[in-house]
2 protein chains.
Amino acid sequence: MDRKIEDILKRNQLSVTSGRKKILELFLQQDGALAHNDIEKRAGEKFDRVTIYRTLQAFLEKGMIHSIPTSDNSIRYALCKDNCSEGHHHDDHVHFVCSACGNTVCLEGVMVPPIKLPNGFVVEQVEMLVSGVCKSCNMDV
Amino acid sequence: MDRKIEDILKRNQLSVTSGRKKILELFLQQDGALAHNDIEKRAGEKFDRVTIYRTLQAFLEKGMIHSIPTSDNSIRYALCKDNCSEGHHHDDHVHFVCSACGNTVCLEGVMVPPIKLPNGFVVEQVEMLVSGVCKSCNMDV
DNA sequence: ACAACAAACGCAACAGCGTTGCAAATAATT
DNA sequence: AATTATTTGCAACGCTGTTGCGTTTGTTGT
């Protein structure tokens with residue numbers, strides 16, 4: 001496991017440090033998205049806030065994670081799957097925020113439907129943010 | 001004009017104060033969305049930051065404006081059209097952020113397409129945020 | 001029009017998010 | 001193992017948003 005994490009970092013041309021290993025591990029353990037705050041808590045007070053910010057930025061630049069806009073204003077990050085790690089594929093999938101458990105997940109299977117804008121508007125990127133109750137929370141009831 | 005603004009405030013059961021009149025006026029003059037910061041600047045340093053926050057919150061609660069999530073983390077607000085002022089209709093229209101001029105506008109005519117999620121997920125709300133180049137900026141070129 | 005009451009305002013203080021500069025510590029390279 | 005390149009931690013800062021409280025302003029009833 002530790003080897004695997006180090007490999008991912010090296011493959012992305014990042015120095016292997018304990019902080020980066022820990023943060024990457026958190027992302028791998030979790031299938032939802034993480035905000036800076038979540039990482040700070042789960043890392044066990046061991047890392048400086050700034051280090052976490054810089055690590056997230058590094059991961060972002062390398063295309064290892066992508067950011068998800070939220071209604072409350074704090075940026076969340078989620079691991080990019082497979083091919084995304086190479087470039088910035090960002091294949092416009094839907095993001096889901098559960099109002100029960102608060103988790104944010106990528107719905108990798110659900111593509112953002114094509115959208116037609118009025119004349120004169122040029123589309124560069126589309127974000128789709130769905131809120132509601134997620135699968136696990138529905139099963140709990 | 002001043003009468004019209006006062007009427008809107010009264011219709012929404014809000015006291016008529018100079019701050020609220022000014023902020024509502026800014027929204028009416030502008031067809032794009034405004035962030036707290038924009039208002040602070042355009043109001044001409046005359047109002048306390050807290051007053052602006054509280055006014056925005058009041059407008060929001062009365063359904064006069066709605067909030068728009070952004071990628072940079074600052075909440076933007078836009079006027080609700082017509083019927084929206086009564087309740088919280090929030091008829092799922094698309095929001096557009098121009099990467100050239102930075103403006104955020106509601107595309108009232110463009111509805112958010114229906115989305116089909118995996119079994120177990122219940123949809124409550126859908127936000128669609130499109131970024132690109134807006135009509136006016138395209139014409140400038 | 002005026003008094004009594006309710007609401008909004010301004011100020012001060014605070015908490016959280018995110019950034020930058022710089023010296024010390026750690027990883028990569030030879 | 002020594003040198004060099006990166007990262008880290010610390011301190012400090014700016015911006016966004018919130019809360020409490022005393023003062024000011026708007027609303028209401030007579």
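In what follows, chains are A, B, ... by sequence order, proteins preceding strands, each numbered from 1.
- Between the CD1 atom of B/Ile52 and the C1' atom of D/dC15 there is a distance of 14 Å, rounded to whole Å.
- Side-chain N/O atoms of B/Tyr53 include none lying less than 4.0 angstrom from OP1 or OP2 on D/dT18.
- Considering only the side chain of B/Val50, C/dA12 comes nearest among C/dA12, D/dT8, C/dA8.
- Here C/dT20 is the nucleotide among C/dA7, D/dG17, C/dT20 with the atom lying nearest to any side-chain atom of A/Arg54.
- The backbone N or O of A/Glu124 lies less than 3.5 Å from no partner atom in the side chain of B/Ser131, so there is not a single donor-acceptor pair.
- Between D/dT16, C/dA27, C/dC17, one nucleotide has an atom nearer to the side chain of A/Thr17 than all others, and that is C/dA27.
- Nucleotide D/dT25 holds its C1' atom 11 Å from the CZ atom of B/Arg20, rounded to whole Å.
- If you check every strand for non-hydrogen atoms under 4.0 Å, B/Gln13 touches nothing.
- Among the protein residues, A/Glu6 comes within range of no part of the nucleic acid, since none of its heavy atoms lies under 4.0 Å from any strand.
- A salt bridge links B/Arg3 and B/Asp7; the closest N-O separation between the charged side-chain nitrogens and carboxylate oxygens is under 4.0 Å.
- Distances were taken from every side-chain heavy atom of A/Thr55 (C-beta onward) to each of C/dA28, D/dT8, D/dT16; the shortest belongs to D/dT8.
- Here the rule is side-chain contact (heavy atoms from CB on, under 4.5 Å) with B/Leu14, and of B/Ile8, B/Thr55, B/Leu9, B/Leu24 only B/Leu9 fits it.
- Rounded to an integer number of Å, the gap from CG of A/Leu56 to C1' of D/dT7 is 15 Å.
- Of the candidate nucleotides D/dG17, D/dT7, D/dG9, D/dG9 has the atom lying nearest to any side-chain atom of A/Phe47.
- The residue among B/Lys10 and A/Ser15 whose nearest nucleotide of DNA chain D lies closer to the 5′ end is A/Ser15.
- For B/Thr51, whose side chain is taken as the heavy atoms from C-beta onward, the closest listed nucleotide among D/dT8, D/dT18, C/dC9 is C/dC9.
- Between A/His36 and A/Tyr53, the two ring planes are parallel [angle under 30°; tilted spans 30° to 60°].
- When the P atom of D/dT16 is taken as reference, atom CG of B/Leu34 falls 14 Å away, rounded to whole Å.
- Contacts of A/Arg49 with the nucleic acid, taken as non-hydrogen atoms under 4.0 Å apart, include base atoms.
- In the set C/dG16, C/dG18, D/dG9, C/dG16 carries the atom at the smallest distance from any side-chain atom of A/Asn37.
- The listed nucleotides are C/dA7, C/dG10, D/dT8; the one nearest the side chain of B/Asp48 is C/dG10.
- Protein atom CG of A/Leu14 is 12 Å distant from nucleotide atom P of D/dT6, rounded to whole Å.
- Checking B/Gln29 against B/Arg42 by side-chain atom types alone, no donor-acceptor pair falls below 3.5 Å.
- Between the CG atom of B/Leu9 and the C1' atom of D/dT25 there is a distance of 15 Å, rounded to whole Å.
- Atom C1' of nucleotide C/dC11 and atom NZ of B/Lys46 are separated by 19 Å, given to the nearest angstrom.
- To the nearest angstrom, C1' of C/dA7 lies 12 Å from NZ of B/Lys62.
- Put simply, the side chain of B/Asn138 never gets that close to the backbone of B/Lys135: no donor and acceptor are under 3.5 Å apart.
- Contact check, B/Gln57 against D/dG17: no side-chain N or O comes under 4.0 Å of OP1 or OP2.
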